[in-house]
Amino acid sequence: MGLTISEKILARHAGRDSVEPGEIVMVDVDVVLANELSAALAIDEFKKIEGAENILRPDSAVFVPDHFTPNKDITTAKLVQRVREFALSQNARWFEVGRAGIEHCVLPQNGIVGPGQVIIGGDSHTTTYGALGAFSTGVGSTDVAVAWAIGKTWLRVPPTFKVTYHGQLQPWVGGKDLILYTIGRITVDGATYMAMEFHGEALAGLPMAGRFTMANMSIEAGAKNGIFHVDDVTREYLASVRHTSYTEYSSDPDAHYEHEIEIDASQIEPQVAFPSIPENARPVSQAGDVKVDQVVIGTCTNGWIEDMREAAQVLRGHHVAPHIRCIVVPGSQEVQRQMVKEGLMEIFMDADCIVSTSTCGPCIGGHMGVLGEYEVCLSTTNRNFVGRMGARTAEIYLANPAVAAATAVAGHIVGPDEVVGRRAAA
Amino acid sequence: METLRGRVWKYGANINTDVIIPGRYCHLTDPQELAKYCMADLDTEFVDKIKPGDIIVAGPNFGCGSSREVAPVSIKASGIGAVVAPSFARIFYRNAINIGFPIFESSDAYDEINEGDEVEIDPDSGTITDLTTGKQYQAKGFPEFLQQIMARGGLRGYAEEVLASRTQA
């Protein structure tokens with residue numbers, strides 16, 4: 001029997017010809033990612049490992065302080081200091097504030113991640129890099145520490161869940177809508193322990209931004225990893241970030257899939273996930289009358305330049321509704337630089353948005369846009385759990401950047417056509 | 001391993017790591033500090049009402065969401081002896097095993113055990129006994145490799161063996 005792309009990558013990294021779903025393998029790890037939170041705990045654990053003095057392969061260890069940075073208070077400043085000292089003393093790759101951004105945008109943009117790799121990270125959205133044809137998954141801090149020490153990690157080979165998207169996408173529909181729709185259909189544990197493998201002609205024209213968003217949120221269906229095959233869109237992106245040496249893997253025609261679903265993507269309209277679980281997805285036209293207090297556009301899930309362009313396209317010439325705060329969070333310093341070059345900063349500022357520095361802050365209720373009691377937020381981030389962005393009583397809706405921009409203008413949840421059309425008519 | 005025994009606190013499906021230990025406390029690394037905020041956004045009375053050794057019985061996909069290892073760390077430090085659920089989200093599952101915190105997969109136990117029941121668990125066999133009702137449940141077994149990790153008290157012991165063998169080689 002043939003193998004899936006995930007099985008092939010794991011077999012290669014286990015030094016084997018093949019692997020089977022369910023078995024546990026020790027695999028070589030190409031990249032070990034940690035942010036300041038997962039790193040802090042991992043450093044404590046690493047220091048307890050007898051016989052481990054140095055990171056085995058320092059160039060494979062990447063540190064991106066992004067969750068509470070720029071430091072929100074003295075406690076987090078001390079935490080980042082501790083992680084910085086460790087990373088620099090180990091000659092690992094340290095991405096300082098001002099030269100980086102949010103980890104899941106920083107790694108691809110610096111050419112660190114690419115096809116065929118095994119990547120683990122102390123952050124659940126490490127699944128993002130599957131968009132480039134890598135096997136990439138989130139782990140805890142002890143896993144990070146052990147991978148630093150021995151260069152390997154244990155993985156249970158996941159069975160694969162194949163999702164195929166047919167047809168042509170409607171206007172304003174992108175990766176966020178496809179993944180929210182899919183999670184709505186299979187639920188938040190529909191792919192638990194599994195590899196989600198994305199296929200179909202509807203994805204052929206999808207830019208890397210949309211693919212990163214889909215792979216990023218495969219974890220919200222419980223998946224171990226989300227993975228795309230390499231095509232010309234991927235190759236072009238990799239060339240642009242100077243990631244030139246890689247191996248492309250692909251699933252065999254007779255590979256075994258645990259589950260397969262086919263989705264007519266041409267029928268999907270922009271989606272909104274209602275509180276407080278990402279599977280509560282419904283079409284924006286059926287959102288009803290939901291007033292919001294805050295809109296967040298960006299972060300690791302929709303913080304790419306394509307996302308910023310989409311939001312700006314809707315916001316251009318409009319103002320954010322008077323009672324609303326609209327916070328734009330570019331995924332990285334590089335995205336922000338490009339926003340300046342393309343004049344997007346001006347569009348956002350003219351529309352009365354605040355453009356924040358790159359940080360996970362608002363998405364985790366950390367800083368830079370924390371929600372108060374009973375506030376309602378529509379966000380392009382990836383989780384709408386109770387308390388995620390602030391107060392327990394606050395409610396979070398998830399959507400794509402165009403819906404978020406339109407909602408900021410209207411003051412309640414609407415699709416982009418209602419705002420863009422309004423300007424055309426005026 | 002020692003027998004676990006305690007009173008049951010019951011929760012529903014998809015208990016995510018954000019409610020187990022909210023993001024605003026994730027900069028903490030001291031287990032005792034983390035224990036103070038365990039379940040902060042799920043059950044504000046949790047830390048006051050539980051006693052050491054008590055057992056959480058919850059619905060499917062326990063621990064979904066973030067990779068934060070502080071989630072099982074805070075539960076362990078709060079004094080909870082084990083979590084029983086039909087299934088665990090995968091990162092929570094590996095984190096629990098890696099830090100040596102007992103978890104048990106059983107659908108029947110979730111369906112039938114009530115809050116407040118006194119429950120006893122034999123970690124070696126995976127037998128869960130509801131002392132209040134007298135019923136017994138068998139948790140799913142762990143793969144051999146994971147049993148080895150658990151027997152060493154977590155993943156660290158495994159790493160130390162690998163490093164020691166490399167030094168000798």
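We use all heavy atoms of the structure for the numbers below, so side chains are in, but hydrogens, waters and symmetry mates are not. By convention in this document, chain letters (A, B, ...) are assigned in the order of the sequence lines, proteins followed by strands, and residues within each chain are numbered from 1.
- Note: Asp189(A) leads Thr126(A), Thr187(A), Asp189(A), Leu79(A) in heavy-atom pairs under 4.5 Å with chain B.
- Counting non-hydrogen atoms of other residues, nucleotides and ligands closer than 6.0 Å to CD of Glu20(A) gives a total of 12 or fewer.
- The candidate from Gly365(A), Ser38(A), Gly387(A), Gly140(A) with the greatest count of non-hydrogen atom pairs under 4.5 Å with chain B is Gly140(A).
- The two residues Ser124(A) and Ile91(B) have their closest heavy-atom pair at CB-CD1, 3.8 Å.
- In this structure, the portion of Ile219(A) lying under 4.5 Å from any heavy atom of chain B is its side chain and not its backbone.
- Annotation: Glu115(B), atom CD; neighbour count of heavy atoms from other residues, nucleotides and ligands within 6.0 Å is above 12.
- Put simply, the side chain of Arg90(B) reaches to within 4.5 Å of the side chain of Thr137(A), judged on heavy atoms.
- With a 4.5 Å cut-off on side-chain heavy atoms, Leu155(A) and Arg94(B) count as touching.
- Atoms CZ and OG1, from Arg388(A) and Thr17(B) in turn, are 7.5 Å apart once rounded to the nearest 0.5 Å.
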(request) Check step by step if side chain to side chain contact (heavy atoms under 4.5 Å, CB included) holds for Asn98(B) and Trp154(A). (result) CA-CA 11 Å; Asn98(B) 286 345; Trp154(A) 67 270; 3.2 Å; yes
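- Between chain A and the options Gly23(B), Pro143(B), Gly65(B), heavy-atom pairs under 4.5 Å are most frequent for Gly65(B).
- The two residues Leu56(A) and Arg166(B) have their closest heavy-atom pair at CD2-NH1, 3.6 Å.
- Heavy-atom pairs under 4.5 Å with chain B were tallied for Ile49(A), Ile277(A), Leu37(A), Ile364(A); the largest tally goes to Ile49(A).
- Neither the backbone nor the side chain of Pro22(B) comes within contact range of chain A; no heavy atom of the residue lies under 4.5 Å from a heavy atom of that chain.
- For Leu155(B), the parts lying near chain A are the backbone and the side chain together; criterion is any non-hydrogen pair under 4.5 Å.
- Both the backbone and the side chain of Phe88(B) come within contact range of chain A, judged by heavy atoms closer than 4.5 Å.
- Both the backbone and the side chain of Asp143(A) come within contact range of chain B, each with at least one heavy atom under 4.5 Å from a heavy atom of that chain.
- What you find for Val19(B) and Val386(A) is that their closest heavy atoms are CG1-O, 3.8 Å.
- Both the backbone and the side chain of Lys48(A) have a heavy atom closer than 4.5 Å to some heavy atom of chain B.
- For Ala40(B), the part lying under 4.5 angstrom from a heavy atom of chain A is the backbone only.
- Shortest non-hydrogen contact noted between Ile150(A) and Ala159(B) is CG2-O, 4.0 Å.
- Of the two parts of Met26(A), only the side chain, counted from C-beta on, holds a non-hydrogen atom closer than 4.5 Å to a non-hydrogen atom of chain B.
- Considering only heavy-atom pairs separated by less than 4.5 Å from chain A, the leading option among Ile99(B), Leu146(B), Val70(B) is Leu146(B).
- Listed for the Glu50(A) side chain is no donor-acceptor partner under 3.5 Å among the backbone atoms of Glu160(B).
- Heavy atoms of Leu42(B) lying under 4.5 Å from chain A belong exclusively to its backbone.
- Once rounded to the nearest 0.5 Å, the distance linking NZ of Lys152(A) with OH of Tyr158(B) reads 8.0 Å.
- Remark: Glu144(B) CD is loosely packed, at most 12 non-hydrogen atoms of other residues, nucleotides or ligands lying under 6.0 Å away.
- For Glu69(B) (side chain) and Thr142(A) (main-chain N/O), a donor-acceptor pair under 3.5 Å exists by modelled atom type.
- Heavy-atom pairs under 4.5 Å with chain A were tallied for Cys64(B), Pro72(B), Cys26(B), Ala89(B); the largest tally goes to Cys26(B).
- Residues Ala149(A) and Leu163(B) come closest through the heavy atom pair O-CD2, 3.7 Å.
- When heavy atoms are compared at a cutoff of 4.5 Å, Asn16(B) approaches chain A solely by way of its side chain, counted from C-beta outward.
- Heavy atoms only, all atoms of each residue included: Asn95(B) and Ser141(A) are closest at OD1-N, 4.4 Å.
- One distance of note links CD1 of Ile20(B) with CZ of Phe385(A); it measures 10.0 Å at 0.5 Å rounding.
- A 6.0 Å sphere centred on NZ of Lys49(B) holds more than 12 heavy atoms belonging to other residues, nucleotides or ligands.
- From Ser67(B), atom OG reaches atom CG of Asn35(A) across 7.0 Å, with rounding to the nearest 0.5 Å.
- Of the N and O atoms on the side chains of Ser66(B) and Arg383(A), not one donor lies less than 3.5 Å from an acceptor on the other residue.
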